[in-house]
Amino acid sequence: MRIAFSVLFFILIALLIPCAFIAKRSRKPIGASVALFLSAIIPPILGNLIIVASGNEIFSSVGCYFYFLGMDLSMYGLLVFTFDYCVIKRPNNGLNRMVNLLLIIDAIQVMLNPFIGHVFDTEMIMLNGYPYYRIRPYLGLTFHRIVDYGIFFACFFIFVYKARKSPRYYKERYIVIIVSLAVTCASLTYFIFSRTPIDRSMVCLGVFGILVYHFSIHYRPLRLLDRMLADLASDIPDALFLFDMYQKCIWANSAALRLVKVENEEYDKCFDALIDLFGPPNDDREDWMTRRIVGHGDDARYYTLEWHTLKDEAGRSAGVYMSVRDNTAEQQTYQQEFYNATHDSLTGIFTREYLYEMIHKTLMENPDETYYVVFVDVKNFKIVNDIFGTGFGDYALKCIAKWISTDICEDCVYGRLAGDTFGICLPKKYFDEQMLDMQLQDFIVVNGAMEHHILIHLGVYEVIDRNIEVSVMFDRAHLALSHIKDEYQKHITYYDDEMRKKVVWDQNISAQLHEAITLRQLRPYLQPIADSSGKIVGCEALVRWIHPENGFMPPGAFIPVFEKNGMIVEVDRYMWRCACEILSSWKEKGIDLFISVNISPKDFYFMDVNSEIRKLVRKFDVDPKKLRIEITESVMMDDLDNRMDILRQFRREGFIVEMDDFGSGFSSLNMLKDMPVDVLKIDMNFLGKSTDDQRSNTIVQNIINLTRDLEIESLTEGVETEIQYKALAKMGCRLFQGYYFAKPMPVDEFMKFCSLE
Ligand code: C2E
Ligand code: CA
Ligand code: CA
């Protein structure tokens, strides 16, 4: 027995020392208190080892001191450990201080025992033939035991309390401690009352220390982890299947069972059910990470499958888990967003950006097909909106979109380019011009009581170079439309490269105009105007552009461009100025001729023509009579009253107002009687070239007669022959202009022509 217990105590001490050391070195927060407790229980075990092993009175007494003082230390360590283990903050109050004080007092009174002998002494007994020194307790020892038991029970109850309060999975870490404490306590009590010389409770205390070490430093609550992981897997919305290495499903979470419609946890059925749903996996399972669609149309559901193989350390497959995520909601949102972004909200057809993308794709995918890109323009759509309201306008646009999608070409690519324009790309062979033209002849939109004929024009560009941007193709198709303005008879027009060249030309000359004026590349040419006796009485100033690269440019090459973009204002202002300069120099030289200047209808939009010319006349000190104002009938087309006022104003100020190009356009004899004009310019080119032509003769004769009655002077321009001249003079015409006399010419030539130099 002596040897057995000695060895046992020794082993315990030998185990506790490294355990204390490891606990101290561990990074765990509880490590320090575990190390303290383990270190504290070594002295009492050592004390008992000395008592048991020595069999000597003095050594046994020394062992007893180790034992009792060590127990005080152990209780202190137990207390510290208890609070740490139970994760309770140790109270720093009077009770705590009292406990510490009691332990100190006890330790002191034990140490006083050699002098007073009030704690214990030893008596020898023989056991199995060996002498043992047994403790004989006195009052001091009773005090010692009360203190230690008190602390011991306090700790015990703290553990019991924590065990009761903790969740189930945490209880085991407390229960082990509680049981060990109870066993230790029971064996200690047994030792006290049995009065055996060997304290067997030290074995329990040692084992308890090792358990403390294990549960505090190494133990991981595996059941807790298991449960947590299982709960986690059960609760996630993804379907999870676990298969063993023989493809047998060993577990599936509730989402998985719902997915494959397996009930009562019949996991065996899962694999087949999965194959029914998604089809068989690839040979290489690693690849079974795919997106699958189950069902069609609105009922389609979208899944992402992931297949993971678990491998052991040697790389052998140990099992497989598979997750299935239902992406249907995400897919539906994505598809909805994609639809919204790519489809026009009103008509439901492609938006411009998406149309461009799809056309590009179509062209690239079908390199051998010839395609048309068609620009669909709804004419005067603003008026439709204004008259019938936007509701009808929207309805009309929907009808057009429907017409495009059903009548033009079901399979072609089409979309809405902007408000009232649409775009189509279709194989040339499907473009049936005749049929479309017929449909467009009477494209009538009827909405309830309202109905309206919508004028639609199609500009067509044949795709020759597929590498140019789709937007440019539409620009070209659009450009083609500029050839049919607001016509009701012609609906379809084709782009040709001349159109593009024309645009480039227009842009170039527009960009150069400003500089051309500054550098005086624009020149006034003068065309003489004669009276009936052949005498030159004045001239018309006509612009020419002496272009550094293009050479001599007649007004027909640029005036229409500037008329269109409004830059004509610059040209005219410049020409009026030139005319005033010439008149001013003539005045100095005593030359008594007038100059007619042209005023474009556009000028009236962009400036106060009247004040502009008045300022020039004043500046150059020119007699207003010498600067004749040529306007065309189209000036009177809009804002008639205001334009009349302007003309009257000119006349009041002494200018002579001429109505140019009479006979062209909408010449109205009726209008003439109210017109504040002094001269009517009758253009022979509009009336017919030959004076032999009886009909035009009659017309001219009548116009001349009428002007005479209205007291308006008549001037025929475009007089090319003597016969014309004579005939017109005979008819009573007073002024003549035309190649018969001279073509327009530079100012100095004009001077020579008139023998003014
Ligand atoms: P317009 O004002 O009717 O000018 C008369 C045009 O008839 C001139 O053409 C002139 O050269 C041409 N002409 C004169 N006599 C004859 C003839 O016997 N036979 C034929 N076939 N033609 C004749 P041009 O100079 O080419 O001017 C063309 C048009 O350009 C002008 O028609 C006028 O509308 C416009 N234009 C010319 N210069 C200016 C300008 O400074 N300002 C504005 N706004 N327009 C101008
Ligand atoms: Ca003119
Ligand atoms: Ca004219």
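Start at 1 and go down the list; that is how both ligands and their atoms are numbered.
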Could you tell me whether some N/O pair between Asp661 and ligand 1 is separated by less than 3.5 angstrom?
yes
Taking heavy atoms and a distance under 4.0 Å, where does Glu540 meet ligand 1: side chain, backbone, both or neither?
side chain
If the plane angle is over 60° it's perpendicular, under 30° parallel, otherwise tilted; pick one for Phe392 and His452.
perpendicular
Give the contacting part of Val597 toward ligand 1: side chain, backbone, both or neither, where contact means a heavy-atom distance below 4.0 Å.
neither
Which atom, among the N/O/S set of Glu717, is closest to the Ca ion (ligand 3)?
OE2
Nearest to the Ca ion (ligand 2) - the N/O/S atom of Asp660, by atom name
OD2
Pick from Glu540, Arg628, Lys681, Glu658: which one makes a side-chain hydrogen bond (donor to acceptor under 3.5 Å, both in side chains) with Ser596?
Glu658
If every non-hydrogen atom of Tyr372 is compared with every non-hydrogen atom of Lys428, which pair is closest and at what distance?
OH-CE, 3.3 Å
Do the ring planes of Phe558 and Phe562 sit parallel (below 30°), tilted (30 to 60°) or perpendicular (above 60°)?
tilted
For Pro555, atoms of ligand 1 separated by under 4.0 Å from a heavy atom
24 (P), 25 (O), 26 (O), 27 (O), 28 (C), 30 (O), 37 (C)
Any atom of ligand 1 sitting under 4.0 Å from a heavy atom of Glu563?
no
Would you say ligand 1 has an N or O under 3.5 Å from any N or O of Asp683?
no
Consider ligand 1: state whether an atom of it lies below 4.0 angstrom from any non-hydrogen atom of Gly718.
yes
If you check every N/O/S atom of Glu540, which is the one nearest the Ca ion (ligand 2)?
OE2
Once you round to the nearest 0.5 Å, how far does CD1 of Ile631 lie from CE of Met675?
5.5 Å
Considering only heavy atoms of Asp572, which atoms of ligand 1 have at least one such atom less than 4.0 Å away?
40 (C), 41 (O), 42 (N), 43 (C), 44 (N)
Closest heavy-atom pair, Ala742 versus Phe753, reported as atoms and distance to 0.1 Å, is CB-CZ, 3.6 Å
If you draw the axis of the six-membered ring of Tyr605, does the NZ or CZ of Arg643 fall within 45° of it and under 6.0 Å from the ring centre?
yes
Can you tell me which portion of Gln527 lies within the under-4.0 Å heavy-atom range of ligand 1? Options are side chain, backbone, both, or neither.
side chain
Check the pair His453, Phe443 against ring pair (Phe, Tyr, Trp, His ring centres under 6.0 Å), reporting the backbone distance first and the verdict last.
CA-CA 6 Å; His453 176 240; Phe443 195 96; 8.2 Å; no
Partner of His478 by ring pair (Phe, Tyr, Trp, His ring centres under 6.0 Å), out of Phe422, Phe375, Tyr495:
Phe375
Is Asp661 close enough to the Ca ion (ligand 2) that one of its N, O or S atoms comes in under 3.0 Å?
no
N or O contact, Tyr740 vs ligand 1, cut-off under 3.5 Å
no
Just verifying a value: how many Å separate Tyr461 OH and Leu479 CG, rounded to the nearest 0.5 Å?
11.5 Å
Residue Arg544 vicinity, atoms of ligand 1 by number, heavy atom under 4.0 Å
11 (O), 25 (O)
Atom indices of ligand 1, in the order listed, that fall short of 4.0 Å to a heavy atom of Leu542:
4 (O), 8 (C), 10 (C), 25 (O), 37 (C), 38 (N)
Angular separation of Asn598 OD1 and Glu630 OE1 about the Ca ion (ligand 2), given to 10°
90°
Looking only at N/O atoms, are Ile559 and ligand 1 under 3.5 Å apart anywhere?
no
Is the NZ or CZ atom of Lys743 positioned over Tyr739's six-membered ring, under 6.0 angstrom from the centre and within 45° of the axis?
yes
Can you measure from CZ (Arg476) to CG (Leu481) and round to the nearest 0.5 angstrom?
15.0 Å
Leu363 backbone acceptor or donor facing Arg466 side chain under 3.5 Å:
yes
Which atoms from ligand 1 have a heavy atom of Glu720 less than 4.0 Å away?
17 (C), 18 (O), 19 (N), 20 (C), 21 (N)
Distance (rounded to the nearest 0.5 Å) between Ile682 CD1 and Leu728 CG:
8.0 Å
Numbered atoms of ligand 1 (with element) below 4.0 Å of Gly738, judged on heavy atoms
15 (N), 18 (O)
Closer than 4.0 Å to some heavy atom of Pro744 - which atoms of ligand 1 meet that?
11 (O)
Taking the non-hydrogen atoms of Glu717, is any one of them nearer than 4.0 angstrom to ligand 1?
yes
Ligand 1 to Val719, heavy atom cutoff 4.0 Å, flagged ligand atoms 18 (O)
